[in-house]
Undergrad: 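Dropping a structure here in structure tokens format, bear with me for questions.
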Amino acid sequence: MPITVSELKNKGEGEEILLNGWLQEIRNLKKISFLVLRDHTGTIQITAKPDLTENYDSISQITRETVLSVHGNLTRKTQSKSGIEILAKSVKVLNEAKSPLPLGIIDPVGADIETRLTNRFLDLRKPEVALIFRTESELLWGMREFFHDSGFVEVHTPKIVAAATEGGADLFQVQYFEKQAFLNQSPQLYKEILISAGLNRVFEVGPAFRAEKHNTPRHLNEFTSIDIEMGFADHNDAMHMLQEGVKSGIRHLVSHAPVSTAPPSAKIQIPEGNFPRITYRECIKKLESKGEKVKFGEDFTPEQLKLIGSEFTSFYFITEWPSSLRAFYTQPKPGDEVVSNSFDLQYREYEITSGAQRVHDPLLLEERLKSKGLNPEDFSFYLNAFRYGMPPHAGWGLGLERLVLIILNLQNIREATLFPRDRTRITP
RNA sequence: GCCCCGGUAGUGUAGUGGCCUAUCAUACGGGCCUGUCGAGCCCGUGACUCGGGUCCAAAUCCCGGCCGGGGCGCCA
């Protein structure tokens with residue numbers, strides 16, 4: 001039975017070992033060869049000698065990244081730096097790799113992000129790259145567990161839809177037989193319908209599509225959105241769930257550190273206590289004191305968000321955004337309706353999450369649609385759910401790749417996406 | 001949608017009109033070497049994104065295409 005590299009530590013001196021993996025590097029001397037074999041758990045040195053290894057002469061011809069099956073004996077009586085190696089009895093080629101490689105796995109030269117993405121299958125063989133996605137998996141697992149334990153139902157809503165979720169343009173059009181359809185930019189409307197349906201608490205992890213022609217290190221045209229919606233709840237309840245959900249995800253990630261010699265997760269701080277909150281108006285005052293000019297009703301520029309973010313060491317909320325800046329379904333703040341019961345979760349200049357208490361009164365909702373220049377008739381499938389008993393509710397949507405980006409301190413969101421869809425890329 | 005920048009061996013780079021028969025590293029091929037582990041040493045192969053233009057002369061300047069990176073706007 002083949003074992004993994006990480007399982008070698010449990011094996012004794014001289015034990016027979018069968019290992020499968022990729023040939024990461026090979027050093028040939030005249031009468032001895034050293035092969036470094038890599039699998040998904042790590043690397044190990046294989047030593048081949050003429051009097052020990054079958055077909056010794058053919059070994060020097062094996063190309064890097066060829067898939068091998070190695071049979072031999074473990075030894076710790078070695079000068080190898082790792083203190084452990086396999087003395088090979090046979091080295092079998094399962095599938096040869098072409099040479100030269102379009103992208104080096106361990107070469108001491110860099111590669112452009114473009115080269116890396118075009119050859120993503122090779123790029124992902126680098127343990128530090130694979131680690132990004134192992135990290136994402138653990139983070140998401142922790143969040144899922146938290147929402148499940150908090151009574152949320154995981155749901156899956158349609159991605160091919162008839163109406164623009166938030167009324168804006170910038171949707172991808174889809175020819176749906178005889179009809180015109182779109183790729184959904186957010187599960188927002190469907191989450192709310194499910195609140196009317198009485199599921200009470202729902203969450204969804206799924207793709208969201210934006211046909212915006214941005215070209216930045218923090219935008220994708222297809223990203224993974226974690227969304228929740230809660231019945232009989234307001235924006236404060238939603239913020240609490242967000243804060244605890246993020247903390248649970250990071251806690252799970254740190255305690256289930258993906259296998260690696262030096263996981264960056266070891267350095268990740270689990271946020272403590274409540275995330276600080278600052279209102280939109282307080283942000284304006286803060287910016288004015290730093291010499292910035294901001295008009296009420298304008299969004300902050302990336303430069304301004306950097307200034308605000310520099311005041312916080314970790315996650316923080318910006319609350320009470322102007323109603324004019326938020327989507328039509330956002331509940332205005334009672335008694336101060338120019339602002340809303342809304343919030344963004346921020347980390348430095350990055351917006352991670354956008355959320356709010358939602359409008360639940362169908363008359364107000366129609367009015368808000370109209371005031372945003374939208375036609376309520378286009379939203380009748382949605383408005384109907386509000387006319388027969390819709391609870392007050394709140395929720396949010398979180399960009400998973402952005403959360404991974406800030407947790408691992410990556411420079412480009414494409415790094416946190418296996419196969420990114422950006423302004424120009426639709427392959428691989 | 002507006003704006004800026006870039007494209008040189010498999011990979012990453014140097015090179016701003018003649019000194020380019022194009023630099024260096026890495027990778028790749030060959031040679032020496034029973035213990036390498038960023039192996040070392042020697043030899044070798046390998047590139048100016050495409051099309052047009054200017055000029056005695058273009059990797060280098062101009063125009064266009066294609067491809068890419070980034071800023072703004074918008075957003076997760």
Side-chain angles (χ1 to χ4, degrees), chain A residues 24-36 43-52 56 60-61 63-65 75 77-85 87 97-119 122-123 165-166 168-171 185-188 206-227 242 298-305 325-327 344-347 350-355 396-406 411-414 416-417 422-425:
Chain A
Q24 179 163 287
E25 53 181 314
I26 181 165
R27 285 183 286 274
N28 294 122
L29 284 75
K30 184 85 173 179
K31 286 181 179 150
I32 187 166
S33 287
F34 302 99
L35 292 75
V36 177
T43 58
I44 182 72
Q45 174 163 287
I46 314 289
T47 300
K49 296 182 184 181
D51 57 345
L52 188 79
Y56 177 79
S60 65
Q61 303 304 314
T63 54
R64 282 188 172 192
E65 295 306 312
T75 182
K77 293 169 185 160
T78 167
Q79 296 161 39
S80 162
K81 282 182 177 172
S82 63
I84 182 170
E85 68 179 15
L87 297 171
K98 271 177 71 181
S99 177
L101 298 164
L103 179 70
I105 309 299
I106 54 159
D107 296 359
V109 290
D112 288 343
I113 186 84
E114 187 199 352
T115 308
R116 294 178 45 207
L117 292 176
T118 300
N119 300 287
L122 283 173
D123 189 47
T165 303
E166 322 210 346
D170 296 340
L171 293 183
Q185 65 177 189
S186 145
Q188 181 62 30
F209 305 90
R210 306 279 164 92
E212 287 152 6
K213 293 182 177 176
H214 34 46
N215 196 351
T216 82
R218 58 185 181 282
H219 288 94
L220 295 164
N221 292 291
E222 175 178 354
F223 66 96
T224 304
S225 185
I226 305 178
D227 275 85
L242 176 54
E298 282 180 352
D299 208 345
F300 302 122
T301 65
E303 202 52 42
Q304 290 168 339
L305 283 173
L325 279 179
R326 305 300 275 209
D344 282 359
L345 181 67
Q346 300 277 142
Y347 190 99
Y350 290 105
E351 179 185 342
I352 311 295
T353 310
S354 196
W396 44 257
L398 178 152
L400 177 60
E401 293 87 353
R402 279 199 183 168
L403 187 57
V404 172
L405 175 98
I406 62 111
Q411 299 307 307
N412 191 320
I413 198 156
R414 295 170 180 89
T417 314
D422 60 27
R423 177 69 184 83
T424 54
R425 183 176 287 276

Undergrad: Which part of the nucleic acid, if any, lies within reach of A:L400 when heavy atoms closer than 4.0 Å are counted: base, sugar-phosphate only, or nothing?
TA: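 Nothing, no nucleic acid heavy atom in range.
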Undergrad: Between atom CD1 in A:I113 and atom P in B:C5, what is the gap in whole Å?
TA: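 So the two atoms are 23 Å apart, to the nearest Å.
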Undergrad: Is there a side-chain contact between A:N221 and A:H214, using heavy atoms and a 4.5 Å cut-off?
TA: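 A:N221 reaches A:H214 side chain to side chain.
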Undergrad: Classify the nucleic acid contact of A:R414 as base, sugar-phosphate or nothing, counting any heavy atom under 4.0 Å across all strands shown.
TA: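 Sugar-phosphate contact only.
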Undergrad: Can you tell me how far C1' in B:G51 sits from the matching atom in B:G7, rounded to whole Å?
TA: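 Their C1' atoms lie roughly 16 Å apart.
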Undergrad: Nearest heavy atom decides the nucleotide; on that basis, is A:K213 or A:L117 closer to the 5' end of RNA chain B?
TA: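 Mapping each residue to its closest nucleotide by heavy atoms, the 5'-most match is A:K213.
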Undergrad: Take atom CD1 of A:I105 and atom P of B:U11, then tell me their distance rounded to the nearest Å.
TA: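 Interatomic distance, CD1 of A:I105 to P of B:U11: 14 Å.
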Undergrad: In terms of side-chain geometry, is the basic nitrogen of A:D299 or A:R326 positioned less than 4.0 Å from the acidic oxygen of its partner?
TA: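 Judged by the 4.0 Å cut-off on N to carboxylate O distance, A:D299 and A:R326 do not form a salt bridge.
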Undergrad: Given B:C72, is OP1 or OP2 found less than 4.0 Å from the side-chain N or O atoms of A:R218?
TA: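 Indeed, a polar side-chain atom of A:R218 lies that close.
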Undergrad: What integer distance in Å separates A:E65:CD from B:U11:P?
TA: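 So the CD-P distance, A:E65 to B:U11, works out to 16 Å.
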Undergrad: Determine the interatomic distance between C1' on B:C72 and the same-named atom on B:U16; round to the nearest Å.
TA: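 Going atom to atom, C1' in each nucleotide, I get 30 Å.
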Undergrad: Restricting to non-hydrogen atoms, name the atom on A:A97 and the atom on A:R64 that form the minimum distance, rounded to 0.1 Å.
TA: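 That closest heavy-atom pairing would be CB-O, 3.3 Å.
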Undergrad: I'd like to compare against my own output: the B/S/- annotation of nucleotides 26-41 of chain B with a strict under-4.0 Å heavy-atom distance to protein.
TA: SSS---SBSBBBBB--
Undergrad: Say you pick atom P in B:G68 and the same atom in B:C42; how far apart are they, in whole Å?
TA: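 Pairwise P distance, B:G68 against B:C42, rounds to 41 Å.
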Undergrad: If the P atom of B:G30 is compared with that of B:U23, how far apart are they to the nearest Å?
TA: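 Looking at atom P only, B:G30 and B:U23 are 24 Å apart.
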Undergrad: How does protein contact run along nucleotides 44-51 of chain B, one letter per nucleotide 5' to 3', with B for base contact, S for sugar-phosphate only, - for none, heavy atoms under 4.0 Å?
TA: --------
Undergrad: Which heavy atom of A:V404 sits nearest to which heavy atom of A:A416, and what is that distance?
TA: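 Shortest heavy-atom contact: CG1-CB, 3.9 Å.
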Undergrad: Grab the CD-C1' distance between A:E114 and B:G68 for me, whole Å please.
TA: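 It is 5 Å, rounded to the nearest whole Å.
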Undergrad: May I ask you to verify if any side-chain N or O of A:S354 is less than 4.0 angstrom from the OP1 or OP2 atom of B:A76?
TA: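 A:S354 to B:A76 OP1/OP2: side-chain N or O found under 4.0 Å.
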Undergrad: Between A:S80 and A:E85, is any side-chain donor less than 3.5 angstrom from a side-chain acceptor?
TA: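 On atom types as modelled, these side chains do not qualify, holding no pair under 3.5 Å.
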Undergrad: Answer yes if the side chains of A:R402 and A:T353 hold a donor-acceptor pair under 3.5 Å, and no otherwise.
TA: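 On atom types as modelled, these side chains do not qualify, holding no pair under 3.5 Å.
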Undergrad: Is there a donor-acceptor contact under 3.5 Å from the side chain of A:N412 to the main chain of A:R414?
TA: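 Yes; at least one donor-acceptor contact below 3.5 Å.
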Undergrad: Scan A:P50 against the nucleic acid and name what it touches under 4.0 Å (heavy atoms): base, sugar-phosphate only, or nothing.
TA: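 No contact.
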Undergrad: Determine the interatomic distance between C1' on B:U45 and the same-named atom on B:C2; round to the nearest Å.
TA: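 Result for the C1' pair: 47 Å, nearest Å.
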Undergrad: Nearest-Å distance, CG (A:N412) to C1' (B:G69)?
TA: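 So the two atoms are 9 Å apart, to the nearest Å.
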Undergrad: A:S225 and A:A208: which non-hydrogen atoms are nearest, and at how many Å?
TA: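 Result for this residue pair: CB-CB, 4.2 Å.
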Undergrad: When you check the phosphate oxygens OP1 and OP2 of B:G70, does a side-chain N or O of A:T216 lie under 4.0 Å from one of them?
TA: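 The answer is no; no side-chain N or O of A:T216 sits under 4.0 Å from OP1 or OP2.
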Undergrad: May I ask you to say what A:S33 touches in the nucleic acid, namely base, sugar-phosphate or nothing, with a heavy-atom cut-off under 4.0 Å?
TA: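 The answer is nothing, as A:S33 stays clear of every strand by at least 4.0 Å.
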Undergrad: Out of curiosity, A:E351 CD to A:L398 CG, how far, rounded to the nearest 0.5 Å?
TA: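 Answer for the CD-CG pair, A:E351 versus A:L398, is 10.0 Å.
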Undergrad: Tell me the interatomic distance from A:D112, atom CG, to B:G70, atom C1', rounded to whole angstroms.
TA: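 Atom CG in A:D112 sits about 13 Å away from atom C1' in B:G70.
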Undergrad: Quiz question: by atom type and distance under 3.5 Å, do the side chains of A:T417 and A:E401 form a donor-acceptor pair?
TA: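 No donor-acceptor contact under 3.5 Å links the two side chains.
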Undergrad: Only one of A:L117, A:T115, A:D123 forms a side chain to side chain contact (heavy atoms under 4.5 Å, CB included) with A:N119, so which one is it?
TA: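 Result: among A:L117, A:T115, A:D123, A:T115 is the only option passing the side chain to side chain contact (heavy atoms under 4.5 Å, CB included) with A:N119.
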Undergrad: Considering only the C1' atoms, how many Å lie between B:G46 and B:U21, rounded to the nearest integer?
TA: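 To the nearest whole Å, 15 Å.
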Undergrad: Only Watson-Crick and G-U wobble pairs with both distances less than 3.5 Å should count. Give RNA chain B in dot-bracket notation, marking inter-strand partners with |.
TA: (((((((..(((.....[.....))).(((((.......)))))....(((((..]....))))))))))))....
Undergrad: With rounding to the closest Å, how many angstrom separate the C1' atoms on B:G52 and B:C66?
TA: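 Per the computed distance, 15 Å lies between those C1' atoms.
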Undergrad: Considering heavy-atom distances to RNA chain B, does A:D344 or A:R423 have its closest nucleotide positioned more toward the 5' end?
TA: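 Here A:R423 is the residue nearer the 5' end.
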Undergrad: Given side chains that start at C-beta, do those of A:I105 and A:E65 come closer than 4.5 Å, heavy atoms only?
TA: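 A side-chain contact exists here, since the closest heavy-atom pair is under 4.5 Å.
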Undergrad: For B:C50 and B:C56, measure between their C1' atoms and round to the nearest Å.
TA: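 Their C1' atoms lie roughly 26 Å apart.
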Undergrad: Supply the atom-to-atom distance A:D170 CG to A:F209 CZ, rounded to the nearest 0.5 angstrom.
TA: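 Nearest 0.5 Å value for the CG-CZ distance: 15.0 Å.
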Undergrad: Remember a base hit wins even if backbone is also touched, and classify A:G104 as base, sugar-phosphate or nothing at under 4.0 Å, heavy atoms.
TA: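 No contact at all - A:G104 keeps every heavy atom at 4.0 Å or more from the nucleic acid.
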Undergrad: Between the base of B:C74 and the side chain of A:H219, is one N or O donor paired with an acceptor at under 3.5 angstrom?
TA: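 It does, because a donor-acceptor pair links the side chain of A:H219 to the base of B:C74 below 3.5 Å.
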Undergrad: Just the rounded figure in Å: distance from C1' of B:G73 to CD of A:Q304.
TA: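 Answer to the nearest Å: 13 Å.
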Undergrad: Are the side chains of A:Q45 and A:E25 in touch, meaning some heavy atoms are under 4.5 Å apart?
TA: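 A side-chain contact is absent here, since even the closest heavy-atom pair is not under 4.5 Å.
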Undergrad: In whole Å, I'd like the distance from the CG atom of A:D422 to the C1' atom of B:C74.
TA: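 Those two atoms, CG and C1', are 17 Å apart.
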